[in-house]
2 protein chains.
Amino acid sequence: MAELTGVQKQYILHWGEMGTRWGINRTVAQIHALLYLSPRALPAEEIAETLSVARSNVSTSIRELETWGIVRAVHVLGDRREHYESMKDVWEMFRLVIEQRKRREIDPTREMLRRGLADLDPKELGADYTRERLAAMAGFFEAVTELHDQMKRLPTGTVRKLLRMGTKMRRKAG
Amino acid sequence: MAELTGVQKQYILHWGEMGTRWGINRTVAQIHALLYLSPRALPAEEIAETLSVARSNVSTSIRELETWGIVRAVHVLGDRREHYESMKDVWEMFRLVIEQRKRREIDPTREMLRRGLADLDPKELGADYTRERLAAMAGFFEAVTELHDQMKRLPTGTVRKLLRMGTKMRRKAG
DNA sequence: CGTTTCTTTCAGTACAAACTGAATATACAG
DNA sequence: CTGTATATTCAGTTTGTACTGAAAGAAACG
């Protein structure tokens with residue numbers, strides 16, 4: 001992965017761009033893209049050179065990817081440096097990211113809604129309407145959580161089975 | 001909605017914060033939260049005052065919410081100003097947002113992957129490995145698209161049925 | 001039409017997040 | 001231990017996005 005080919009460059013740039021749109025640091029996303037495409041683990045310095053970013057930036061970004069569990073350090077014989085490699089199983093990678101974003105973002109939102117409903121003083125202005133809206137939103141988040149839990153537990157390949165079932169149910173329903 | 005209650009404030013602030021984490025402008029998210037909680041349509045000026053942001057900022061943000069189709073302008077008798085109201089159906093709101101983010105982000109990524117696979121020169125360094133990685137990622141995005149199409153067409157309430165099915169399949173499988 | 005009310009646009013500014021490079025810490029070899 | 005290679009931290013800087021206020025543009029009114 002000393003030099004990038006055109007296709008690789010495209011992929012890395014696009015991935016970085018996508019990252020920013022989903023609240024993920026551009027460099028973090030680019031490093032992940034680079035490692036994902038690399039057939040071997042890469043040392044931080046090589047990553048920095050390839051992407052033209054500071055060595056320290058790579059260090060921070062790698063650490064974030066590690067906390068997500070989609071990149072890990074491996075050791076190479078006769079080299080003191082850490083080498084980093086990306087998980088290659090795409091489904092598993094997204095599952096990990098989704099699981100953690102749920103924990104960091106969905107769960108606190110659910111909690112906020114629950115607390116809001118509890119804290120609502122029936123005497124305050126428009127309490128009934130506010131309760132109604134909060135409850136509707138809370139219901140949605142409960143369902144999303146349920147969906148996530150299901151997915152998490154489904155054996156591999158079952159998602160596709162469910163997709164087919166969805167088709168059948170849709171046909172029946174008209 | 002002249003003055004905000006504590007619970008309403010909490011909701012609006014939290015929603016704004018969530019927005020930023022998902023690549024959605026804080027003010028846009030806050031305005032949406034405010035309108036979602038409001039039992040009546042609000043004129044831009046009132047929104048600006050309530051959230052302490054510039055009138056022009058509200059204008060821009062409202063326009064974005066309108067392009068997503070989750071906020072619309074309505075007219076109030078005896079008032080020349082536009083009043084804005086949010087859609088109240090939570091599922092439908094998220095469906096709209098997801099559909100459009102898919103169009104703006106997932107579809108172009110799918111396209112990039114397809115083009116990458118087509119452009120890959122078999123003679124360039126590591127072409128086989130790159131192809132393998134791109135293909136794996138492309139497969140994932142195809143599946144996501146399929147999933148999205150299914151969901152889009154499912155009659156209301158079917159998602160919940162699928163959830164229950166998932167439970168059964170999981171029990172059988174393990 | 002001219003006036004008033006409301007909305008949008010836009011150039012400039014403010015702010016938050018990302019990034020750098022130097023300093024510091026850690027790990028290893030001799 | 002000492003010296004060297006590598007990794008991390010952090011203060012300061014850069015960059016990009018969000019935001020403001022003034023000005024221009026529309027729309028309704030008399």
Side-chain angles (χ1 to χ4, degrees), chain A residues 12-35 41-68 71-85 101 104-105, chain B residues 12-35 41-68 71-85 101 104-105:
Chain A
I12 291 167
L13 291 173
H14 186 99
W15 207 241
E17 199 51 41
M18 272 315 97
T20 61
R21 301 220 191 174
W22 289 85
I24 289 161
N25 180 293
R26 174 178 278 114
T27 305
V28 170
Q30 286 185 348
I31 290 177
H32 175 260
L34 174 63
L35 293 178
L42 302 179
E45 198 180 345
E46 190 171 343
I47 297 171
E49 276 168 20
T50 309
L51 299 179
S52 308
V53 295
R55 174 68 186 74
S56 56
N57 195 358
V58 173
S59 183
T60 315
S61 302
I62 287 279
R63 206 139 76 85
E64 178 153 1
L65 288 166
E66 282 179 328
T67 67
W68 285 359
V71 160
R72 59 174 191 156
V74 295
H75 289 273
V76 170
L77 278 175
D79 197 333
R80 275 167 57 178
R81 299 172 301 175
E82 307 259 24
H83 289 56
Y84 301 96
E85 70 178 13
R101 293 202 71 162
R104 297 182 204 171
E105 290 145 23
Chain B
I12 291 167
L13 290 174
H14 186 100
W15 206 240
E17 199 51 42
M18 270 316 97
T20 62
R21 300 220 191 174
W22 290 85
I24 288 160
N25 179 293
R26 173 177 280 114
T27 305
V28 170
Q30 285 185 349
I31 291 178
H32 175 260
L34 174 62
L35 294 178
L42 303 178
E45 197 180 347
E46 190 171 342
I47 297 171
E49 275 169 22
T50 308
L51 299 179
S52 308
V53 295
R55 174 67 186 75
S56 57
N57 195 359
V58 172
S59 181
T60 315
S61 301
I62 287 279
R63 206 138 78 85
E64 178 152 2
L65 288 165
E66 282 179 329
T67 66
W68 285 1
V71 160
R72 59 175 191 154
V74 296
H75 290 271
V76 170
L77 277 176
D79 196 334
R80 277 167 55 178
R81 299 172 300 176
E82 305 260 23
H83 289 57
Y84 301 95
E85 71 177 13
R101 293 203 71 162
R104 297 181 204 173
E105 289 145 23

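Every chain is numbered from 1, with letters handed out A, B, ... down the list of sequences. Please read all numbers here as calculations on a predicted model, not as lab measurements.
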Report the C-alpha distance between Leu13(B) and Gln30(B) in whole Å, list the side-chain angles of each, state the deciding distance to 0.1 Å, and finish with yes or no for side-chain contact (heavy atoms from CB on, under 4.5 Å). CA-CA 7 Å; Leu13(B) 290 174; Gln30(B) 285 185 349; 4.0 Å; yes
At 4.0 Å (heavy atoms only), tell me whether Glu45(A) reaches a base, stays on the sugar-phosphate, or touches nothing. nothing
Between Arg26(A) (CZ) and dT20(C) (C1'), how many Å, whole number? 17 Å
Please give, in whole Å, the distance from dA18(D) C1' to Leu51(B) CG? 15 Å
Take atom CZ of Arg55(B) as the centre, draw a 6.0 Å sphere, and report whether it contains more than 12 heavy atoms from other residues, nucleotides or ligands. yes
Tell me if the side-chain of Arg80(A) makes a donor-acceptor pair with the base of dT6(D), cut-off 3.5 Å, by modelled atom types. no
For Glu17(A) and dA18(C), what is the distance between atoms CD and P respectively, to the nearest whole Å? 14 Å
Assign Arg63(A) to base, sugar-phosphate, or nothing according to its heavy-atom contacts below 4.0 angstrom with the strands shown. sugar-phosphate
Asn25(A) atom CG is separated from dG16(D) atom C1', nearest whole Å, by 13 Å
Please tell me which of the listed nucleotides, dT6(D), dT9(D), dC19(D), lies nearest to the side chain of Ser56(A)? dT9(D)
Distance col, row Ser59(B):OG vs Ile47(B):CD1, nearest 0.5 angstrom, shows 10.5 Å
If you pin Val28(B) and Arg55(A) to their nearest nucleotides in DNA chain D, which one's is more 5'? Arg55(A)
Would you find more than 12 non-hydrogen atoms of other residues, nucleotides or ligands less than 6.0 Å from Glu66(B) atom CD? yes
Among the candidates dT5(C), dT20(D), dG21(C), find the nucleotide nearest to the side-chain atoms of Val53(B). dT20(D)
5' priority, DNA chain C, between His75(A) and Glu82(B) [closest heavy atom]: Glu82(B)
Looking at Ser59(A), does any N or O in its side chain come under 4.0 Å of the phosphate oxygens OP1/OP2 on dT8(D)? yes
Write down the distance between CD1 (Ile24(B)) and C1' (dA18(D)), rounded to a whole number of angstrom. 15 Å
Do other residues, nucleotides or ligands put more than 12 heavy atoms under 6.0 Å from the CZ atom of Arg101(A)? yes
Ile47(B) has an atom CD1; how far is it from atom C1' of dT8(C), in whole Å? 15 Å
Find the distance Glu46(B):CD to dT7(C):C1' and express it as a whole number of Å. 17 Å
With respect to the side chain of Asp79(B), which nucleotide from dA22(D), dC6(C), dC19(D) is positioned closest? dC6(C)
From C-beta outward on Tyr84(B), which listed nucleotide comes closest to its side chain: dT6(D), dT8(C), dC6(C)? dT8(C)
Starting from P on dA22(C), measure out to CG on Asn57(A) and report it in whole angstrom. 16 Å
